[in-house]
Amino acid sequence: MNVLKFGGTSVGSVENINRVISILENYSKEDGVICVVSAVGGITDKLLKAGELAQNKNKNYISDFETIKGIHLNILSELNPKLAQSVKTTLEEKLESLKSLLDGIYLINELSPKTSDKLLSFGELLSSYIIAETMKARGLNAVRKNSQDLIVTNSNFTKAEVNYELTNANIKDYFNKAKQRITILPGFISKSQSGEITTLGRGGSDFTAAIVAAALKVNRLEIWTDVSGMYTANPKLVKQAYPIETLSYQEAMELSHFGAKVLYPPTVQPVLDQGIPIHIKNTLDPEAVGTIISDNVNGKTSPVKGISNIDKIVLLTLQGSGMIGIPGFSKRLFETLAQEKVNVILITQASSEHSICIGIDLKDLERAKTAIDANFENEISLHKIDPIIVETELSIVALVGDQMKSHQGISGKMFSALGRNNINVRAIAQGASERNISAVIAEKDIKKALNTLHDKFFEGNMKQLNVFITGVGNVGQRLIEQIRTQQKYLKQNLKINMRVIGLSNSRTMVFNEHGLSLGDWKSQLGKGEKSSLQGFFDRIKQFNLRNSIFVDVTANQDVSNLYKDYLRQSIAVVACNKIACSSDFKNYSDLKRLSRKYNAEFLFETNVGAGLPVIDTLNNLIASGDKILSIQAVLSGSLNYVFNHFDDTVKFHDVVKQAQEEGYTEPDPRTDLGGVDVARKILILARESGAEMDLDAIENQSFLTKANLESKSVDDFYKSLLADEAHFQRLYASAKANKCKLKYVAEFNNGKAKVGLKEIPEGHPFYDLKGKDNIVMFYTQRYPEQPMTIKGAGAGADVTASGLFADIIKIGND
Ligand code: ADP
Ligand code: ASP
Ligand code: MG
């Protein structure tokens with residue numbers, strides 16, 4: 001004999017019911033089949049809602065009833081276009097009695113648990129009737145048996161307890177005599193000894209099937225649902241979740257108790273007692289292997305088998321100095337809760353005994369609070385304990401696995417992963433069996449927590465990076481292109497899943513929570529919503545994705561003003577924008593502090609030398625205990641270009657103009673020629689070396705004339721360059737006479753920094769610097785004579801983009 005249970009989705013449409021019938025037909029060729037069915041998907045909720053409307057004197061219950069009626073009549077007629085009128089009539093009669101019940105609730109304006117059970121029982125009664133009649137009409141040897149005649153319970157309405165003695169006897173008795181090949185049983189519903197309709201609790205059809213399977217001691221129980229097994233995490237919340245092949249009964253129980261809805265928790269017990277395996281299968285994909293739950297779990301399974309979650313959790317904390325050492329305190333608390341039928345999901349007590357904290361379902365809050373306040377009224381009035389503290393909008397996330405106990409460091413890994421993503425843990429519980437480690441967190445963080453932990457424990461440490469880019473000019477575009485072409489490589493070789501979730505320019509912004517397709521990002525951005533800096537930030541915050549990274553590819557002050565807000569949300573900031581790091585020292589150090597506090601990287605390698613690893617090298621030197629003695633550097637691609645092209649055959653003015661036209665200078669060339677850009681860069685290096693310095697402390701020995709410096713506009717500036725040509729020719733002639741070349745040099749020595757034009761003699765490392773190359777020489781305690789030198793292209797969209805890319809990867813590798 002086979003026992004199969006089909007859930008709401010499986011019997012939720014004509015197409016799916018046809019699948020169910022063909023599965024049953026196949027099974028029945030081999031052996032007898034008992035099929036337990038749920039109500040048509042969503043009907044139990046609809047019945048409950050109609051009942052509540054009626055109870056509240058809201059006439060809309062009638063239209064809800066009409067919807068319910070329509071769904072069932074449609075399914076019946078579509079399944080069987082030529083069905084006998086008598087079957088349709090019977091169905092209509094059943095629906096009529098449902099209507100009468102709802103009318104009754106409306107009239108007396110009451111929906112007791114007893115009436116609620118009666119109301120909900122219609123769901124399974126209707127679905128089982130339709131399926132059985134359809135099978136009969138198709139010539140299959142099928143019958144429907146009302147489970148209320150078999151399963152006997154107490155009168156604990158809405159979640160009745162089974163009387164196994166009577167129930168098992170009924171089941172054995174009935175099936176010993178049953179002649180039909182296929183028996184359809186409505187799940188979820190039962191009867192009390194005194195004949196009242198009861199139910200086994202929401203999701204209870206699984207339980208019905210387990211009770212029947214155990215009573216008949218069949219070889220296995222099959223639960224057919226809408227997913228291919230019990231997954232490593234709820235597949236609706238974690239896209240990467242996958243079905244677990246085998247689970248022990250205890251693991252399955254623990255996962256289902258902690259929210260894996262795919263299996264109703266009480267289901268396990270009856271079959272566990274008989275050693276009957278449970279096979280979870282997918283009606284929509286019958287070939288999929290599914291999950292087998294049994295005693296027989298292969299030895300080498302991973303320590304963490306699944307991650308589950310429960311929402312709508314409330315934490316109650318009872319504390320007070322009067323609690324210490326008072327025996328029986330916890331006993332009283334738990335007795336109070338038990339009397340009120342409050343299910344305690346989680347308990348933690350500090351060893352100081354100063355406080356005890358319990359997690360319960362939100363729906364039990366009022367009952368629990370009132371009962372506790374009443375029971376401890378005396379102690380509260382004597383200030384021995386404080387009034388109960390209630391915290392709401394919480395969820396539990398739990399790791400489950402039999403083998404966790406024999407592996408160290410799992411909880412450490414769990415909490416550090418949560419911490420890194422700014423997920424605050426409100427309470428922790430670990431059972432003595434160590435089969436479950438639970439953390440209570442804010443409800444809004446649950447998806448992020450599940451995904452973070454799933455990355456950590458199930459994807460071979462694959463790390464998902466969620467990138468948001470603002471600024472899609474030359475550099476931004478190259479960066480997107482580099483990400484697009486490297487995505488596959490990063491996954492395969494670095495275990496980094498880099499996704500671009502948001503893009504913006506000054507006009508529009510576009511988002512896709514699952515990652516934008518980077519092939520046609522331009523057209524997507526073109527059609528995007530109107531952008532704003534605050535709007536971009538708000539959306540990133542709202543997404544609340546793990547490992548979120550904000551990339552600033554602008555040169556905009558307003559963008560950099562938001563870095564602090566990003567860091568406070570534990571969103572990493574990667575910037576090629578130099579403004580923040582060269583702003584006043586307080587702002588710079590605040591950003592560094594926030595980055596540490598919120599565990600969010602703040603990286604700006606491209607601020608100096610574009611893609612050259614200047615800041616990273618400097619940080620590594622210092623971290624390893626070295627001390628910076630001096631820095632000598634040529635840091636301006638623009639000024640290099642200018643002085644590499646300038647000699648006595650050309651006008652200085654023309655060279656500058658050409659540099660600008662070829663894109664080597666800022667739109668306003670005064671920023672480059674005046675030395676401000678280089679001063680900012682040496683300031684950043686000085687600060688990263690440990691100096692507390694501001695921009696105005698940097699000595700700027702300008703090579704420009706007074707007239708150049710005082711020019712009011714770019715045009716004026718060019719005019720003054722032309723007028724002062726002789727001055728620039730003198731600079732050149734002097735260098736030439738000294739067998740030197742002109743280079744614009746930045747220096748940091750003994751806590752002081754300066755920038756200026758210098759005559760560099762032959763043989764000096766700066767002498768042969770070509771094109772837009774940069775060079776940085778670090779003289780340190782370990783490199784006192786031969787400096788640590790970094791040299792290469794220090795400007796250009798491609799190298800700057802690759803510097804940003806390297807910063808992003810660095811976050812992935814952390
Ligand atoms: P049925 O109606 O077939 O009984 P349920 O809706 O009760 O189906 O249970 C199946 C659903 O359980 C899935 O669609 C999925 O959304 C949810 N679920 C939650 N956690 C898990 C998990 N760990 N594995 C599989 N499904 C899960
Ligand atoms: N129909 C019931 C419910 O929705 C029982 C079940 O589907 O398992 O809770
Ligand atoms: Mg279910």
Side-chain angles (χ1 to χ4, degrees), residues 4-13 16 19-20 35-49 68 116-117 119-128 147 151 158-160 185-190 198-211 222-245 247 251-267 278 280-285 288 290-291 293 304-311 395-401 446-447 450 453-454 458:
L4 287 75
K5 176 259 170 176
F6 290 89
T9 313
S10 307
V11 298
S13 65
N16 289 352
R19 291 175 203 259
V20 171
C35 166
V36 176
V37 292
S38 285
V40 169
I43 290 294
T44 313
D45 288 333
K46 287 195 167 67
L47 287 166
L48 198 57
K49 186 172 155 245
I68 294 169
S116 171
D117 273 0
L119 177 65
L120 297 197
S121 73
F122 276 90
E124 269 70 8
L125 287 172
L126 292 167
S127 66
S128 58
S147 342
I151 299 179
T158 75
K159 199 172 181 181
L185 291 178
F188 178 55
I189 57 177
S190 41
T198 55
T199 64
L200 301 173
R202 292 302 307 271
S205 295
D206 299 346
F207 193 25
T208 306
I211 295 166
E222 296 188 7
I223 304 283
W224 289 73
T225 181
D226 58 358
V227 285
S228 299
M230 196 175 255
Y231 278 57
T232 46
N234 184 348
K236 295 217 169 90
L237 297 175
V238 179
K239 237 175 109 206
Q240 274 89 287
Y242 53 84
I244 309 165
E245 273 181 35
L247 281 168
E251 288 171 330
M253 235 184 306
E254 204 77 44
L255 279 170
S256 61
H257 268 297
F258 275 81
K261 184 189 166 207
V262 64
L263 196 65
Y264 181 54
T267 307
I278 306 173
I280 301 181
K281 297 275 292 172
N282 188 351
T283 310
L284 313 175
D285 183 9
T291 298
I293 301 163
V304 180
K305 294 294 280 292
I307 309 167
S308 54
N309 63 290
I310 318 180
D311 291 340
S395 290
I396 294 178
V397 56
L399 299 186
V400 170
I446 193 68
K447 194 169 173 195
L450 287 170
L453 296 175
H454 201 268
F458 292 103

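Note: hydrogens, waters and symmetry copies are ignored here, and every other heavy atom, side chains too, is used. All residue numbers in this chain count up from 1 along the given sequence. In listed order, ligands and their atoms are each counted from 1.
Of the heavy atoms in Arg202, none comes closer than 4.0 Å to ligand 1. Of the heavy atoms in Val227, only side-chain atoms (C-beta onward) come closer than 4.0 Å to ligand 1. Contact annotation for Lys261 and ligand 1: heavy atoms of both the backbone and the side chain come within less than 4.0 Å of the ligand.
Each of the following atoms of ligand 1 lies closer than 4.0 Å to a heavy atom of Met230: 24 (N). Ligand-side atoms of ligand 1 in range of Thr225: 1 (P), 3 (O), 8 (O), 10 (C), range being under 4.0 angstrom from any heavy atom.
The nearest protein atom to atom 11 (C) of ligand 1, hydrogens excluded, is given as Asp226 OD1, 4.0 Å; this is a heavy-atom distance. The protein heavy atom nearest to atom 9 (O) of ligand 1 is Val262 CA, 3.4 Å. Nearest protein heavy-atom neighbour of atom 16 (O) of ligand 1: Lys236 NZ, 2.9 Å. Ranking protein heavy atoms by distance to atom 18 (N) of ligand 1, first place goes to Asn234 OD1, 3.6 Å. The single protein non-hydrogen atom nearest to atom 4 (O) of ligand 1 is Lys5 NZ, 3.0 Å, given as residue, atom name and distance. Here the protein heavy atom with the shortest distance to atom 24 (N) of ligand 1 is Tyr231 N, 2.8 Å. Gly8 N, 2.9 Å is the protein heavy atom nearest to atom 2 (O) of ligand 1.
Using a cutoff of 4.0 Å between basic side-chain nitrogens and carboxylate oxygens, Asp285 and Arg19 are not scored as salt-bridged.
Annotation: the span from Ile446 atom CD1 to Ile310 atom CD1 amounts to 9.5 Å, rounded to 0.5 Å. Note: Leu255 CG to Ile293 CD1 = 9.0 Å, rounded to the nearest 0.5 Å. Glu124 contributes atom CD, which lies 5.0 Å from atom OG1 of Thr44 (distance to the nearest 0.5 angstrom). Residue His454 holds its NE2 atom at 5.5 Å from CD1 of Ile307, rounded to the nearest 0.5 Å.
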I'd like a table of donor-acceptor pairs (distance under 3.5 Å, sequence neighbours excluded) in which one partner is a side-chain atom from residues 256-264, with atom names and distances.
unit_1: Ser256; atom_1: OG; unit_2: Ala252; atom_2: O; d: 3.0
unit_1: Ser256; atom_1: OG; unit_2: Met253; atom_2: O; d: 3.0
unit_1: Tyr264; atom_1: OH; unit_2: Leu200; atom_2: O; d: 2.8

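Considering only residues two or more places apart in sequence or on other chains, Asp117 meets the salt bridge (Lys or Arg N to Asp or Glu O under 4.0 Å) condition with none of them. Here Phe6 pairs with Trp224 under the ring pair (Phe, Tyr, Trp, His ring centres under 6.0 Å) rule; sequence neighbours left out.
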inquiry  = The test is side-chain hydrogen bond (donor to acceptor under 3.5 Å, both in side chains); show your working for Asn16 and Ser10 and say whether it passes.
reply    = CA-CA 5 Å; Asn16 289 352; Ser10 307; over 6 Å; no
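Side-chain atoms of Ser147 come within 3.5 Å of backbone N or O of Pro186 as a donor-acceptor pair. Side-chain N or O atoms of Thr291 include one that pairs as donor or acceptor with a backbone N or O of Ile244 at under 3.5 Å. A donor-acceptor contact shorter than 3.5 Å links the side chain of Thr208 to the backbone of Phe188.
The side chain to side chain contact (heavy atoms under 4.5 Å, CB included) with Val304 is formed by just one residue from the set Val400, Thr232, Leu453, Leu399; it is Leu399.
Not a single heavy atom of Gly41 sits less than 4.0 Å from an atom of ligand 1. Between Pro235 and ligand 1 there is a heavy-atom distance shorter than 4.0 Å. By the 4.0 Å heavy-atom criterion, Gly203 is excluded from the residues contacting ligand 1.
Comparing Gly229, Gly204, Ser256, Ser308 against atom 25 (C) of ligand 1, the shortest heavy-atom distance belongs to Gly229.
Closest of all the heavy-atom pairs between Ala288 and Lys281 is O-NZ, 3.1 Å.
Residue Asp206 places no N or O, backbone or side chain, under 3.5 Å from any N or O of ligand 1.
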Dump all N/O pairs between ligand 2 and the protein below 3.5 Å as a table: atom names plus distance, one pair per row.
unit_1: ligand 2; atom_1: 1 (N); unit_2: Thr44; atom_2: OG1; d: 2.8
unit_1: ligand 2; atom_1: 1 (N); unit_2: Glu124; atom_2: OE2; d: 2.7
unit_1: ligand 2; atom_1: 4 (O); unit_2: Thr44; atom_2: OG1; d: 3.3
unit_1: ligand 2; atom_1: 4 (O); unit_2: Arg202; atom_2: NH2; d: 3.0
unit_1: ligand 2; atom_1: 7 (O); unit_2: Ser38; atom_2: OG; d: 3.0
unit_1: ligand 2; atom_1: 8 (O); unit_2: Gly203; atom_2: O; d: 3.2
unit_1: ligand 2; atom_1: 8 (O); unit_2: Gly204; atom_2: N; d: 3.4
unit_1: ligand 2; atom_1: 8 (O); unit_2: Ser205; atom_2: N; d: 3.1
unit_1: ligand 2; atom_1: 8 (O); unit_2: Ser205; atom_2: OG; d: 3.2
unit_1: ligand 2; atom_1: 9 (O); unit_2: Arg202; atom_2: NE; d: 2.6
unit_1: ligand 2; atom_1: 9 (O); unit_2: Arg202; atom_2: NH2; d: 3.4
unit_1: ligand 2; atom_1: 9 (O); unit_2: Gly203; atom_2: N; d: 2.8

